[in-house]
Number of protein chains: 2
Amino acid sequence: MNEGVEWALHSCLNLAWIGEDRAVTAARLAAYHALPTAYLNKQLQALARAGIVTSTPGPKGGFRLARPLERITLMDVVTAIEGPDEAFRCAEIRKQGPGETPHTGHELPCAFAESMAKAELAWRRELAACTLADVRKRAEKRAPGARDTLRRWFENS
Amino acid sequence: MNEGVEWALHSCLNLAWIGEDRAVTAARLAAYHALPTAYLNKQLQALARAGIVTSTPGPKGGFRLARPLERITLMDVVTAIEGPDEAFRCAEIRKQGPGETPHTGHELPCAFAESMAKAELAWRRELAACTLADVRKRAEKRAPGARDTLRRWFENS
DNA sequence: GCCCAGTTACTCGGATACCACTTGTCCGAGTCACCGTGG
DNA sequence: CCACGGTGACTCGGACAAGTGGTATCCGAGTAACTGGGC
């Protein structure tokens, strides 16, 4: 899986902690975790295309959350970064070569693909059931000072 | 996801349909679906290392199933081909740069990683619950002639 | 006829290139803030 | 003092390279079957 997913998740949480009142540039978000600025910018663009964050150009511009964390799921972020394609894409090799399935088995979906899709659906269901607000709650319980440290750093930057 | 997974799954099913009495070479398995022989051989080697199939060299050699399909799950095959690593590997970026989580939040696992791992566990659970025998049953119901066609082709090859 | 050793051909197995995609970087279009000027 | 136009700098956004892992291939080590000869 693309590692940009982790960057995007933490960036969303950071944006929420900073507050929705002001936009944050990709450079500052990147600096906070020592990430390559331009590449994180690329991921944030993907989030913007997905409607998870909004981007404003010009001075005092940057990114901010498009909606509260309660309405953003892990699935949203993963889909925004990874794309909508399924991980297991059936190439239908059973239809190639002499082994092409006979007796009207072509139209019906491949039994393997079906089971893999079912498993992937369970994965997506879990991701869709977990909002970033849930994660924020757990993170604040574990590292109580993280939020304040972050706000202080972004104000003094 | 690696496309070799699909090849391995179909090859296992084909081996089961052919019968356990004789070994089948990678070349014939590949020819049946018009796949590159050497590369499929590589995937079969991975299955052999995982103990899913056994390989015998020399004339009349080849691959055969190490155990019946009832005891082979989708998870086994996926792990054999893809490796045991999780798809989402947390790089712990929260510990980098000025944003390193303070107040003893380091030892506890990342909340994001935890949720992602939970979702992935659901995926693995589904894969582990589905045996290749289940898939075979469904495939035979959809394409009743597939098994006989396959056996005929492999006998006349 | 039976046994055995040598040869042979066939198999897997790992070492070796090729290619696509992820990762990483750069510069330009657009935009808002700021500043100086005029009323 | 206030309004306004011009300038400037800062932002995102997409186009452009580099590195890594998946994809594909080849050749060698090893083995079991086959063949021919000897008993």
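Please read all numbers here as calculations on a predicted model, not as lab measurements. Letters A, B, ... mirror the listed sequences (proteins, then strands); counts begin at 1.
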Subject >> Residue A:Tyr39, side-chain heavy atoms: nucleotide from D:dG13, C:dT25, C:dG13 that is nearest >> reply: C:dT25

Original post:
Can a salt bridge be assigned to the pair A:Arg124 and A:Glu120 using a cut-off of 4.0 Å between side-chain N and carboxylate O?
Top reply: yes

**OP:** When you get a sec, tell me which of D:dC12, D:dG13, C:dG24 is the closest nucleotide to the side chain of A:Pro36?
**Re:** C:dG24

**OP:** May I ask you to verify if any side-chain N or O of A:Arg28 is less than 4.0 angstrom from the OP1 or OP2 atom of D:dT11?
**Re:** no

**OP:** Please report, rounded to the nearest Å, how far the P atom of C:dC12 is from the CG atom of B:Leu15.
**Re:** 11 Å

Original post:
Do A:Trp7 and A:Tyr39 have ring centres separated by under 6.0 Å?
Top reply: yes

Subject >> Separation of C:dC18 C1' from B:Lys42 NZ (nearest whole Å) >> reply: 13 Å

**OP:** I would like to know whether A:Val78 and A:Trp123 meet side-chain contact (heavy atoms from CB on, under 4.5 Å); could you show each step before the answer?
**Re:** CA-CA 12 Å; A:Val78 170; A:Trp123 176 67; 4.1 Å; yes

Subject >> Interatomic distance, B:Leu47 CG vs C:dC12 C1' [rounded to whole Å] >> reply: 14 Å

Original post:
What one-letter contact string describes nucleotides 26-33 of chain D from 5' to 3', where B marks a base within less than 4.0 Å of any protein heavy atom, S marks contact via sugar-phosphate atoms alone, and - marks no contact?
Top reply: B---BBB-

**OP:** Let me know the distance between CZ of B:Arg89 and P of C:dT22, rounded to the nearest Å.
**Re:** 12 Å

Original post:
Can we say A:Glu6 and B:Arg94 salt-bridge, meaning some charged N sits less than 4.0 Å from an Asp/Glu carboxylate O?
Top reply: no

Original post:
Rounded to whole angstroms, how far apart are CD on A:Gln45 and C1' on D:dC16?
Top reply: 14 Å

**OP:** Using whole Å, report how far CD of B:Gln43 lies from C1' of C:dG13.
**Re:** 14 Å

**OP:** Return each pair, listed once, that meets salt bridge (charged side-chain N to carboxylate O under 4.0 Å, His left out) where at least one residue sits in residues 67-79 of chain A; pairs must be two or more places apart or across chains.
**Re:** A:Arg67-A:Asp76, A:Glu70-A:Arg136

Subject >> Nearest-neighbour nucleotide for the A:Phe63 side chain, D:dG13, C:dG24, C:dC12 considered >> reply: D:dG13

Subject >> Atom-pair distance (CG on A:Leu29; C1' on D:dT11), nearest Å >> reply: 13 Å

Original post:
Is the shortest side-chain N/O distance from B:Ser55 to OP1 or OP2 of C:dG13 below 4.0 Å?
Top reply: yes

**OP:** Check whether any side-chain N or O of A:Thr25 sits under 4.0 Å from OP1 or OP2 of D:dC12, and answer yes or no.
**Re:** no

**OP:** Answer with yes or no after comparing the ring centroid distance for B:Phe112 and B:Phe88 against a 6.0 Å cut-off, counting only values under it.
**Re:** no

Original post:
Checking all strands, does A:Ala23 fall into the base, sugar-phosphate, or nothing category for heavy-atom contacts under 4.0 angstrom?
Top reply: nothing

Original post:
Between atom CD in B:Glu3 and atom C1' in D:dG22, what is the gap in whole Å?
Top reply: 9 Å

Subject >> Ion pair B:Glu140/B:Arg138, N-O distance below 4.0 Å >> reply: no

